[in-house]
Amino acid sequence: MARHLITSALPYINGIKHLGNLVGSQLPADLYARYLRTRGNEVMFICATDEHGTPAELAAAKTGEPVAEYCARMHGVQTELARGFGLSFDHYGRSSSQRNHALTQHFAGRLADNDYIREVSEKQVYSVDDGRFLPDRYIEGTCPNCGYDKARGDQCENCTKQLDPTDLINPHSAISGSTNLEVRETKHLYLRQSALKGEISDWIDSKKDWPILTTSIARKWLNDGDGLQDRGITRDLHWGIPVKRGQQAWPGMEGKVFYVWFDAPIEYIASTAEWADAQGKADADWRRWWRKDEGAQDVTYTQFMGKDNVPFHTLGFPATIIGSGEPWKLVDYIKSFNYLTYDGGQFSTSQGRGVFMDDALEILPADYWRWWLLSHAPESGDSEFTWDNFQQSVNKDLADVLGNFVSRITKFCRSKFGEVVPEGGEYGREETALIDTLTTRIRAYEDFMQAMEVRKAAAELRGIWVLGNEYLQGAAPWSTFKTDPEKAAMQVRLGLNLIRLYAVLSAPFIPFTSDAMLAAMQTDISDWPDDVTAALQALRVGHAFIVPEVLFAKITDEQREEWEQRFKGVRA
RNA sequence: GGGCCUGUAGCUCAAUGGUUAGAGCAGGGCGCUCAUAACGCCUUGGUUGGGGGUUCGAGUCCCUCCGGGCCUACCA
């Protein structure tokens, strides 16, 4: 039994995530975790909310809540939504946890001890009226290059010129509008990534099987310009992990916190510790997933993330781990995704554009979304969500191919034999042919799942569903019943067993429906079909079942049009 | 500006440099009547964005042009 550690990129705390966020990390990670579990592996699937940084403080200020309360509340909201989508985290932690405080401070201390930290004194813009230093992008003004009056301090969106905040004409705070800005001197810690460039570069080069998207982004950062740059890992904010050197005070760093991108990946580890705490387990129980000297040497660690997260996971976090000089587990495989776009534009949390997780669950069950998103996962390039495509795909795949298959065989059985697996008849040529084809396709499905080829796995699974309809059409029990009822019984028995088989195979994609299918078949036998012939005999003669409700109601044209209108603009 | 990704049927996508570029959906025809007007079979549909080059052979490699997207280090 292999051991698999799986992490999904941490969703940021400042609001409800949209479908693009979901499909870029949490959902495919869940697919993989569920698959590996059902294949008998020991799995630790970890996620958490990412709670620090300026946007969290501003979001809290907007609602009038203290930031700690805001984060606690939003963590609760996101936890419920994760549950609603069937995300099977072993633990959904918080980057603001005490575990993460201690670990982040520990890593900083180790990095300092190993001379991978340097102090840098720099000048930053301070907004007197806001009472805070402003990140470059929170300063607005007129672009000196093109005259655009809403240029940001890091870049002008209009002419794309890169800017320094001090370049702006009439600079003002993007938060309050205040022009009462001054440049102040402040001191920060930098992680000397440049000193680790060689090691990180060699490590990336050794990953021959990683997606091009992952390695090309990493190489770009490693080799662009002067190569990998040192990175500031502290900020002048109130909300965050106080800068400490291990458990010691860090002279000169009083009142400062670690940069959110320094502590967020460490939360993968901390969240596993939170899991142990929540389960009443010992430290050794989480450390065996992370410390190669305490049991993690045989762990396979896979990370899932959108492409925007790749630099921090290929460079920053590995630099932290390598630089610590301690035997923490480095990631073995990074599965990265492009973006899902919405009707030709971008999904946007800040602009409220697109479909958000709460809206999605309000209008349709989770499995509709899981199936569409995973079968259209943006693996080779950005992919687009349109209501038309969504309606067509879901109706065809789920309602017609799978749902209707379950419906037709259970209802036929009920009308001819009752709600019980019928007796009689033996397999003939058609049945052995079906089993051969099923076996071939299930093995292909396993390969795609193992390789995290999400779309191909979905297509293969769909193909397996189709085999059921093909079989029924050829076998035609409604015909054979008239001349050879025993043969019809055998055909129906096989059909009913296919439902159970499909429930098991489909569980990683559509777990709720899978449960409903098993419930209808009144069985909890969910072993993986290593032997298809045996798997198709799980429901024995005389076993009672229930004809289930329609598994997937179709999306009507009226619904599609209504949703198209409803989600057209921006939401408040 | 620089870098990376991408462009294949009406749509969404496949195709270690190697038969005649394949699937699903949509469209057309036939069949079936168990089923959510569902299912099955057959079928139409391509100058692989344009142009050059390398090769016995290019969707695939090289050059160039055009279109789309992303990143470019203080948002996360």
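Just so it is clear: chains get the letters A, B, ... in the order the sequence lines come, proteins before strands, and each one is counted from 1.
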A/E182, CD: over 12 other non-hydrogen atoms inside 6.0 angstrom:
yes
Hey, is the side chain of A/N404 pairing donor to acceptor with the base of B/A38 inside 3.5 Å?
no
Distance criterion of 3.5 Å, no angle test: do you see the side chain of A/Q391 paired donor-to-acceptor with the base of B/C25?
no
Please tell me if [X] has a side-chain N or O lying less than 4.0 Å from either OP1 or OP2 of [N].
{"X": "A/K396", "N": "B/C39", "value": "yes"}
{"X": "A/R414", "N": "B/A35", "value": "no"}
{"X": "A/K456", "N": "B/A15", "value": "yes"}

Measure from [atom1] on [X] to [atom2] on [N] and round the result to the nearest Å.
{"X": "A/R219", "N": "B/G3", "atom1": "CZ", "atom2": "P", "answer": "17 Å"}
{"X": "A/W261", "N": "B/C74", "atom1": "CH2", "atom2": "P", "answer": "13 Å"}
{"X": "A/N338", "N": "B/C4", "atom1": "CG", "atom2": "P", "answer": "16 Å"}
{"X": "A/K307", "N": "B/C70", "atom1": "NZ", "atom2": "C1'", "answer": "4 Å"}
{"X": "A/L340", "N": "B/C70", "atom1": "CG", "atom2": "C1'", "answer": "15 Å"}
{"X": "A/R408", "N": "B/C34", "atom1": "CZ", "atom2": "C1'", "answer": "6 Å"}
{"X": "A/L467", "N": "B/G24", "atom1": "CG", "atom2": "P", "answer": "12 Å"}
{"X": "A/L461", "N": "B/G24", "atom1": "CG", "atom2": "P", "answer": "16 Å"}

Between the protein and nucleotides 11-13 of chain B, which nitrogen or oxygen pairs come in under 3.5 angstrom?
residue, atom, partner, partner atom, Å
B/C13, O3', A/R455, NH2, 3.2

Separation of the [atom1] atoms in [N] and [M], to the nearest angstrom:
{"N": "B/G28", "M": "B/G52", "atom1": "P", "answer": "39 Å"}
{"N": "B/G59", "M": "B/G17", "atom1": "C1'", "answer": "11 Å"}
{"N": "B/A23", "M": "B/C62", "atom1": "P", "answer": "29 Å"}
{"N": "B/A73", "M": "B/U64", "atom1": "C1'", "answer": "32 Å"}
{"N": "B/G40", "M": "B/G24", "atom1": "P", "answer": "10 Å"}
{"N": "B/U44", "M": "B/G29", "atom1": "C1'", "answer": "10 Å"}
{"N": "B/C11", "M": "B/U54", "atom1": "C1'", "answer": "35 Å"}
{"N": "B/G50", "M": "B/C32", "atom1": "P", "answer": "45 Å"}

Kindly point out which of [options] is positioned nearest to the side chain of [X]?
{"X": "A/E122", "options": "B/C74, B/U36, B/A73", "result": "B/C74"}
{"X": "A/K220", "options": "B/G3, B/C75, B/U72", "result": "B/G3"}
{"X": "A/W478", "options": "B/C74, B/A35, B/C32", "result": "B/C32"}
{"X": "A/T54", "options": "B/A76, B/A15, B/A38", "result": "B/A76"}

Ring of A/Y339, cation from A/K307 - is the NZ or CZ under 6.0 Å from the centre and inside 45° of the axis?
yes
Against the six-membered ring of A/F552, is A/K554 placed for a cation-pi contact (under 6.0 Å from the centre, within 45° of the normal)?
no
Side chains of A/S393 and A/D397: do they bring a donor and an acceptor to under 3.5 Å?
no
Side chains of A/S194 and A/Q229: donor-acceptor distance under 3.5 Å anywhere?
no
Answer with base, sugar-phosphate or nothing: what part of the nucleic acid does [X] contact at a heavy-atom distance below 4.0 Å?
{"X": "A/Q229", "result": "base"}
{"X": "A/V466", "result": "sugar-phosphate"}
{"X": "A/G316", "result": "nothing"}
{"X": "A/F312", "result": "base"}
{"X": "A/G53", "result": "sugar-phosphate"}

Counting only non-hydrogen atoms, which of residues 550-561 of chain A are less than 4.0 Å from RNA chain B?
A/V550, A/L551, A/F552, A/K554
In dot-bracket, 5' to 3', how would RNA chain B read with Watson-Crick or G-U wobble pairs under 3.5 Å, [ ] for crossing ones and | for pairs to another strand?
(((((((..((((....[...)))).(((((.......))))).....(((((..]....))))))))))))....
Can you label the angle between the A/W261 ring and the A/F312 ring as parallel, tilted or perpendicular, going by 30° and 60°?
parallel
Please verify the inter-ring angle class for A/H75 with A/Y92; under 30° counts as parallel, over 60° as perpendicular, anything in between as tilted.
parallel
Take A/S407 and A/E470, find for each the nucleotide of RNA chain B with the closest heavy atom, and name the residue whose nucleotide sits nearer the 5' end.
A/S407
Contacts of A/Y339 and A/N469 projected onto RNA chain B by closest heavy atom; the upstream (5') one is A/N469
Test log, rule side-chain contact (heavy atoms from CB on, under 4.5 Å), inputs A/S375 and A/R455:
CA-CA 5 Å; A/S375 61; A/R455 277 185 317 212; 5.8 Å; no
A/L472 and A/P477 have their tightest heavy-atom pair at O-CD, 3.8 Å
NZ (A/K482) and OG1 (A/T480) are apart, to the nearest 0.5 Å, by 9.5 Å
One should read off an interatomic distance between A/L31 CG and A/I510 CD1, to the nearest 0.5 angstrom, of 11.5 Å
Presence of salt bridge, A/R118 and A/D230, under 4.0 angstrom
yes
